[in-house]
Amino acid sequence: MKILISNDDGYLAPGLLALVDAFAQEHELIVVAPDREQSATSHKITLDRPLRAHLATEKPNLLVYAVDGTPADCVKLAFDTLLDSPPDVVISGINRGPNLGIDTRYSGTVAAAFEGVQMGVPSFAVSLAGTEGPLRFDQAARFAREVIHRLLHSDFNFSGTLVNINVPNIASVAGLKVTRLHRDIYRECYVEQADPRGRSCHWLVGKLEETDQDPGSDRQAVQSGFISITPLKLDQTDYGRRAELESSIDSVYKV
Ligand code: MN
């Protein structure tokens, strides 16, 4: 297979290198990733300046491009320009840290994979749900390879849907669960400090508020030691509520 790999932690990030190691033996890999960390940039694209793609590695079956843009820029540039033909699959990651619940809104890792979905290619976002202690990227990459191979050889219809994979950062993973997004929110907490010149500045320290006790979420699965895989839809239309919206707007116009 021809695999396009991207991420939001930068082309030198250990999670991306683990992914390359796991797939390099059997596949043709093209890495197109930001030249520096671009976490939490979601679908941001660069419109006010040109992009530069630097070919950092050129080996048989492995090309690595570092782009001075966002994850979404990287995947768009790959499809439009850097690849001579579309890839069979897009994999984004492995992110350093979880992409669970509300994280998926802000994540550049998830957005890069969604760019692949938009191009009609099976796409996966992979994250290591841990940021401290030894980070088990190699183990997460082996699990991701297994999940991705199995799904690509299954009847799963990837059209319009991204597969979001989170692997817990523990030695003995309990198993795998298909999950839904955890309904969590970050209570924003801006810490006000004085900068070295004495001016006030505000530093964001989000605090996760856990209110979702219903079973089956991605966060719960990872917290109990399971790999979480969640199908995420590109089309966010709330089809079930169109009629309600229509009658609400009708009543406004009747007044
Ligand atoms: Mn990241």
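Please read all numbers here as calculations on a predicted model, not as lab measurements. Worth knowing before you read on, the calculation uses all heavy atoms, side chains too, and leaves out hydrogens, waters and symmetry mates. We count residues from 1, following the sequence as given. Numbering of ligands and ligand atoms starts at 1, following listing order.
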A.B. asks: What atom name does the N, O or S atom of D8 nearest to the Mn ion (ligand 1) carry?
C.D. replies: OD1
A.B. asks: For residues Q193 and H202, is any side-chain donor paired with an opposing acceptor at under 3.5 Å?
C.D. replies: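 No, no side-chain donor-acceptor pair sits under 3.5 Å.
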A.B. asks: Does any donor atom in the side chain of S228 or D218 lie under 3.5 Å from an acceptor atom in the other side chain?
C.D. replies: no
A.B. asks: Using 30° and 60° as the class boundaries, would you call the ring planes of H27 and H149 parallel, tilted or perpendicular?
C.D. replies: tilted
A.B. asks: Below 2.8 Å, can you find an N, O or S atom of S39 next to the Mn ion (ligand 1)?
C.D. replies: yes
A.B. asks: Return yes if a side-chain donor-acceptor contact under 3.5 Å exists between S247 and D250, otherwise no.
C.D. replies: no
A.B. asks: State whether E37 contributes an N/O/S atom found under 2.8 Å from the Mn ion (ligand 1).
C.D. replies: no
A.B. asks: Strictly under 2.8 Å, is any N, O or S atom of S107 next to the Mn ion (ligand 1)?
C.D. replies: no
A.B. asks: Are Y106 and Y186 close enough that their ring centres sit under 6.0 Å apart?
C.D. replies: no
A.B. asks: Quick one: report the N, O or S atom of D9 that is nearest to the Mn ion (ligand 1).
C.D. replies: OD1
